[in-house]
Colleague: 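So that we are looking at the same thing, I have put the structure below in structure tokens.
When reading the values below, keep in mind they use all heavy atoms of this one structure, side chains included, and skip hydrogens, waters and symmetry mates. As the structure is a prediction and not an experimental result, all values here were calculated from the model.
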Amino acid sequence: LFVDDNGGWDALCHVPAYLRCHPFAFARRSDDQYAVVIDRAAASVSDSPQYPFFTDRKLTDEVQSMVDFCAAYDRDRLRTLKICETIKSLGLLAPQRATQTPPGSDEEQVIANYVAVEPPKLDELDKDTLAQIHKDGTLATIFAHLYSLDNWTRLLQRRAALSSAAAS
């Protein structure tokens, strides 16, 4: 829904960090060791790149900034896993379903099945647990998650607009 026929991203949308890291990624060997891996088939990896990997046997500033970005992405990924474990352990998740009734149809279609935080379960948490998840950042992530669920409507509208444009 966000990539055009030429593979370009919509200029007004967020490009996920995982994709912005490309052609670099981290491969963990243990909790404190990792390797930077490179997709050698990527168009940006060539014998005459715009930004070479090395100058004077040191990473160039451009490549070092991408390695640093990959490291930040990996730290955020690990933090997200911890937050998800906390949310799961608190029993806040419940199965959800996104549906849509296409124009001209009476039949509802399932777009996606997923799990999400159920706000009434959040309301049942005791004050000490709420204070702890506020302090460790989990609560802010939960609110961002709940807010993001409103995007289902916008995604479906975007898909309908693109389908309509393609049909024209």
Colleague: How long is the straight-line distance from OG1 of T101 back to CG of D106, given to the nearest 0.5 Å?
Modeller: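 Reported to 0.5 Å precision, the distance equals 8.5 Å.
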
Colleague: For a side chain to side chain contact (heavy atoms under 4.5 Å, CB included) check, start with the C-alpha distance between K58 and D56, then their side-chain angles and the critical distance, and finish with the verdict.
Modeller: CA-CA 5 Å; K58 288 182 62 180; D56 297 328; 5.5 Å; no

Colleague: So, do R79 and I83 sit near enough that their side-chain heavy atoms are less than 4.5 Å apart?
Modeller: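 In contact.
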
Colleague: Is the closest side-chain donor-acceptor distance between D128 and Q132 under 3.5 Å?
Modeller: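 There is no such pair (donor and acceptor under 3.5 Å, judged by atom type) between the side chains of D128 and Q132.
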
Colleague: Go through the structure and list residues passing salt bridge (charged side-chain N to carboxylate O under 4.0 Å, His left out) with R77, not counting sequence neighbours.
Modeller: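 So R77 forms a salt bridge (charged side-chain N to carboxylate O under 4.0 Å, His left out) with D74.
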
Colleague: Would you say L59 ends up clustered with V37 if hydrophobic residues are merged whenever their side chains have heavy atoms under 4.5 Å apart, either directly or through other cluster members?
Modeller: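 V37 and L59: separate clusters.
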
Colleague: Evaluate the side-chain proximity of E118 to Q96: yes if any heavy-atom separation is below 4.5 Å, no if none is.
Modeller: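 Yes, side chains in contact.
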
Colleague: Given side chain to side chain contact (heavy atoms under 4.5 Å, CB included), test Q50 with E62 step by step and report yes or no.
Modeller: CA-CA 10 Å; Q50 179 181 3; E62 294 83 8; over 6 Å; no

Colleague: When you compare the side chain of L78 with that of R28, does any pair of heavy atoms fall below 4.5 Å?
Modeller: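 Side chain of R28 against side chain of L78, heavy atoms only: contact under 4.5 Å found.
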
Colleague: Mind checking whether L149 and Y114 have side chains closer than 4.5 Å, heavy atoms only?
Modeller: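 Heavy-atom side-chain distance check passes, below 4.5 Å.
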
Colleague: With rounding to the nearest 0.5 Å, note down the distance linking OG1 in T86 to CG in L139.
Modeller: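 Going from the OG1 atom of T86 to the CG atom of L139 covers 12.0 Å.
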
Colleague: Restricting to non-hydrogen atoms, name the atom on P95 and the atom on V115 that form the minimum distance, rounded to 0.1 Å.
Modeller: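 Looking at all heavy atoms of both residues, the closest pair is CA-CG1, 4.2 Å.
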
Colleague: Could you state the interatomic distance from CG (L122) to CG (L130), rounded to the nearest 0.5 Å?
Modeller: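 The distance works out to 6.0 Å.
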
Colleague: What distance do F26 atom CZ and C21 atom SG have between them, rounded to the nearest 0.5 Å?
Modeller: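 Answer rounded to 0.5 Å: 8.0 Å.
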
Colleague: Is there a side-chain contact between V45 and D39 in this structure, where contact means two heavy atoms from C-beta onward sitting under 4.5 Å apart?
Modeller: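 Result no, sub-4.5 Å side-chain heavy-atom pair not found.
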
Colleague: Assert yes or no for the condition that the ring centre distance of F24 to Y73 is strictly below 6.0 Å.
Modeller: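 Centroid distance F24-Y73: not below 6.0 Å, so no.
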
Colleague: Measure the CZ-CG distance between R154 and D150 for me, rounded to the nearest 0.5 Å.
Modeller: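 Nearest 0.5 Å value for the CZ-CG distance: 6.0 Å.
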
Colleague: Does the side chain of D126 come under 3.5 Å of the side chain of T129 through a donor N or O and an acceptor N or O?
Modeller: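 A pair is found: one side chain offers a donor N or O, the other an acceptor, under 3.5 Å apart.
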
Colleague: Are any side-chain N or O atoms of K88 and backbone N or O atoms of L93, one a donor and one an acceptor, separated by less than 3.5 Å?
Modeller: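 Not at all, since once roles are kept as given, no pair shorter than 3.5 Å links the two residues.
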
Colleague: What are the two closest non-hydrogen atoms of P23 and A42, and how far apart are they?
Modeller: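 Looking at all heavy atoms of both residues, the shortest contact is CB-CB, 3.6 Å.
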
Colleague: Please lay out, stage by stage, how T99 and I111 fare under the test side chain to side chain contact (heavy atoms under 4.5 Å, CB included).
Modeller: CA-CA 5 Å; T99 61; I111 304 299; 5.6 Å; no

Colleague: Look at the side chain of H145 and the backbone N and O of V117, then say whether any donor-acceptor pair between them is shorter than 3.5 Å.
Modeller: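 A pair under 3.5 Å: yes.
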
Colleague: Output yes when a side-chain donor or acceptor of T80 lies under 3.5 Å from a complementary backbone atom of D76, and no otherwise.
Modeller: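 Confirmed, T80 side chain pairs with D76 backbone.
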
Colleague: For V63 and P52, which heavy atoms make the closest approach, and how far apart are they?
Modeller: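 Reported closest heavy-atom pair: CG2-O, 3.5 Å.
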
Colleague: For the atom pair NE2 (H134) and CD1 (I142), what is the distance rounded to the nearest 0.5 Å?
Modeller: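 Answer for the NE2-CD1 pair, H134 versus I142, is 12.5 Å.
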
Colleague: Provide the closest heavy-atom pair for H22 versus M66 in the form atom of the first, atom of the second, distance.
Modeller: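 Answer, listing the atom of H22 first, then M66: O-CE, 4.3 Å.
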
Colleague: Mark yes or no for whether S105, through its side chain, and P102, through its backbone, hold a donor-acceptor pair below 3.5 Å.
Modeller: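 Here the side-chain-to-backbone pair does not exist.
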
Colleague: Would you say that F54 contacts T60 through its side chain, given a criterion of any heavy-atom pair below 4.5 Å between the two side chains?
Modeller: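 They are not in contact (no side-chain heavy atoms under 4.5 Å apart), so the answer is no.
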
Colleague: For a quick test of your reading: what N or O donor-acceptor pairs under 3.5 Å do the side chains of residues 2-10 make, sequence neighbours left out?
Modeller:
{"from": "D4", "atom 1": "OD1", "to": "N6", "atom 2": "N", "distance (Å)": "2.9"}
{"from": "D4", "atom 1": "OD1", "to": "G7", "atom 2": "N", "distance (Å)": "3.0"}
{"from": "D4", "atom 1": "OD1", "to": "G8", "atom 2": "N", "distance (Å)": "2.8"}
{"from": "D10", "atom 1": "OD1", "to": "L12", "atom 2": "N", "distance (Å)": "2.7"}
{"from": "D10", "atom 1": "OD2", "to": "R158", "atom 2": "NH2", "distance (Å)": "2.4"}

Colleague: Starting from the C-alpha separation in whole Å, work towards a yes-or-no answer on side chain to side chain contact (heavy atoms under 4.5 Å, CB included) for D136 and I133.
Modeller: CA-CA 5 Å; D136 70 16; I133 65 173; 4.1 Å; yes

